[in-house]
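Structure record follows, encoded as structure tokens.
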Amino acid sequence: MEHDSRTPWELNGSFYQPSAFLMMGIPGLEPLHPWISIPFCALYLTALLGNCVILFIIRRTPSLHEPMYYFLSMLAVTDLGLALCTLPTTLGLFWFNVRRIAFDACLTQMYFIHILSFIESSVLLAMAFDRFVAISHPLRHPAILTRSTVLKIGLAIVLRGTVSLLPIPFLLKRLSYCGRTELSHSFCFHPDIMNLACADIKVNVFYGMIVLLSTVGMDFIFIVLSYILIIRTVVSLTTREECLKALNTCVSHICAVLLFFIPMIGLSMIHRFGRDVPPLVNTVVAYTYLTIPPALNPVIYSIKSTHIREALLRALCRKRGSEW
């Protein structure tokens with residue numbers, strides 16, 4: 001029987017689709033992957049434990065059952081999802097050099113990474129709106145953002161991300177791929193997969209750009225507008241102490257916004273326009289985008305939020321008291 005040299009590929013006429021992709025770690029530092037995994041383990045552990053603690057504290061503390069902390073719970077769940085999406089493939093590559101990921105598994109991981117990224121963007125917008133209402137209309141804040149309203153906002157956020165990105169995996173599956181199977185990261189990213197195709201990807205590029213601008217792009221614009229209105233309100237306050245107190249409630253959210261949007265915008269620009277950017281820069285920005293925000297968000301909110309810090313200390317004191 002004649003041997004078919006194309007067995008790694010699924011062949012249907014002139015349509016080629018790889019059975020798997022090969023993930024990449026940090027280019028040029030492959031021998032150091034076991035050592036590089038140590039800070040990644042620390043980041044993932046911080047993300048998992050930190051966000052679980054945030055959820056536990058908010059769940060167990062009735063005084064934190066307010067819109068601001070409901071949105072913070074959404075952010076924590078989203079960060080947990082992002083960490084869990086990339087943890088298996090990243091640590092699998094660093095620890096055991098497992099580079100192969102099945103085609104469909106790659107599309108599934110890509111879909112959930114992008115959904116959770118879009119959800120995080122929308123949650124940050126909802127948190128900006130919450131801060132605007134709390135500072136500009138403090139007396140009407142509980143009436144505007146009721147528990148049912150917050151729940152509806154959460155459902156709308158999930159629905160928008162899920163539906164807007166639903167065509168992406170199908171647009172990638174219709175493409176024909178030819179030979180190259182090496183991804184740029186230890187996880188699957190839409191532009192990365194798309195650029196491996198040898199077919200016309202104009203539809204993918206156009207749809208991806210439209211979705212990105214109409215969701216994350218609009219979220220960022222409205223977040224900036226929210227803070228412009230917040231600053232206008234704060235400037236009109238009578239005393240310096242009131243100004244500082246109002247702005248202090250926004251510090252954690254501003255840090256979360258910067259942690260999320262700066263690397264995300266950088267990674268998007270690199271994938272679309274940075275063909276001459278060194279691979280190491282691309283890799284560092286990608287890992288920053290997907291590992292730093294989930295790890296640092298709970299730390300920032302635990303440090304800056306007095307209510308969460310006090311609730312955490314009370315929980316620790318109760319635990320120590322029960323041990324004694």
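The shown structure was predicted, so the numbers you read here are calculated from the model rather than taken from an experiment. If you read the sequence from its start, that first residue is 1, and numbering goes on from there.
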Using side-chain heavy atoms (C-beta onward) and a distance below 4.5 Å, is [X] in contact with [Y]?
X      : Y      : answer
Ser252 : Tyr301 : yes
Leu172 : Leu175 : yes
Ile113 : Cys188 : no
Met68  : Leu145 : no
Asn51  : Val77  : no
Met23  : Thr89  : yes
Arg59  : Ile54  : no
Leu87  : Leu48  : yes

* Asked: If you measure only the distance, is there a donor-acceptor pair under 3.5 Å linking the side chains of Ser122 and Arg160?
  -> yes
* Would you please say whether a donor-acceptor pair under 3.5 Å links the side chains of Thr61 and Tyr69? =>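 No, Tyr69 and Thr61 have no side-chain donor paired with an acceptor closer than 3.5 Å.
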About how many Å separate [atom2] of [Y] and [atom1] of [X], when rounded to the nearest 0.5 Å?
X      : Y      : atom1 : atom2 : result
Asn248 : Cys243 : CG    : SG    : 12.5 Å
Leu93  : Ser37  : CG    : OG    : 10.5 Å
Leu32  : Phe94  : CG    : CZ    : 10.5 Å
Met110 : Phe21  : CE    : CZ    : 10.0 Å
Ser226 : Ile231 : OG    : CD1   : 11.0 Å
His33  : Ile38  : NE2   : CD1   : 13.5 Å

* **Result of checking Asn297, Thr78, Leu75 against Leu124 for side-chain contact (heavy atoms from CB on, under 4.5 Å)** =>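 Single pass found, and it is Leu75.
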Look only at the side chain of [X] and the backbone of [Y], and say whether a donor-acceptor pair between them is shorter than 3.5 Å.
X      : Y      : answer
Asp192 : Leu183 : no
Ser236 : Thr233 : yes
Gln109 : Leu107 : no
Gln17  : Lys173 : yes

* Please test Leu166 against Tyr111 for side chain to side chain contact (heavy atoms under 4.5 Å, CB included), starting from the C-alpha separation and ending with a verdict. => CA-CA 8 Å; Leu166 190 60; Tyr111 181 61; 3.6 Å; yes
* So Leu64 and Ile308, side chain to side chain contact (heavy atoms under 4.5 Å, CB included) or not? Walk me through it. -> CA-CA 8 Å; Leu64 299 183; Ile308 290 180; 4.3 Å; yes
* Kindly indicate, with the supporting measurements, whether the criterion side chain to side chain contact (heavy atoms under 4.5 Å, CB included) is fulfilled by Cys52 and Leu80. => CA-CA 8 Å; Cys52 286; Leu80 277 173; 4.1 Å; yes
* To do: Please lay out, stage by stage, how Phe112 and Leu82 fare under the test side chain to side chain contact (heavy atoms under 4.5 Å, CB included).
  => CA-CA 8 Å; Phe112 280 103; Leu82 275 173; over 6 Å; no
* **Salt bridge flag under 4.0 Å for residues Asp200 and Arg174** =>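 Salt bridge between Asp200 and Arg174, a charged N being under 4.0 Å from a carboxylate O: no.
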Quick one: closest heavy-atom pair of [X] and [Y], and the distance?
X      : Y      : value
Cys250 : Ile135 : SG-CD1, 3.6 Å
Thr181 : Pro18  : CG2-CB, 4.1 Å
Ala47  : Ala83  : CB-CB, 4.1 Å
Gly266 : Val285 : C-CG1, 4.1 Å
Pro263 : Thr288 : CB-CG2, 4.1 Å

Tell me if the aromatic rings of [X] and [Y] count as close, with their centers under 6.0 Å from one another.
X      : Y      : value
Tyr177 : Tyr16  : no
Phe189 : His114 : yes
Phe129 : Phe222 : no

* Can you label the angle between the Phe132 ring and the His137 ring as parallel, tilted or perpendicular, going by 30° and 60°? => perpendicular
* **Trace of the side-chain hydrogen bond (donor to acceptor under 3.5 Å, both in side chains) decision for Ser186 with Tyr287** => CA-CA 9 Å; Ser186 61; Tyr287 283 127; 2.7 Å; yes
* Evaluate the ring pair (Phe, Tyr, Trp, His ring centres under 6.0 Å) criterion for residues His253 and Tyr227: first the C-alpha distance (whole Å), next the side-chain angles of each, then the deciding distance (0.1 Å), finally the verdict. => CA-CA 11 Å; His253 179 256; Tyr227 273 101; 5.6 Å; yes
* Examine Ile300 and Leu312 and state if one hydrophobic cluster contains both, with Ile, Leu, Val, Met, Phe, Trp and Tyr joined whenever side-chain heavy atoms are less than 4.5 Å apart. => no
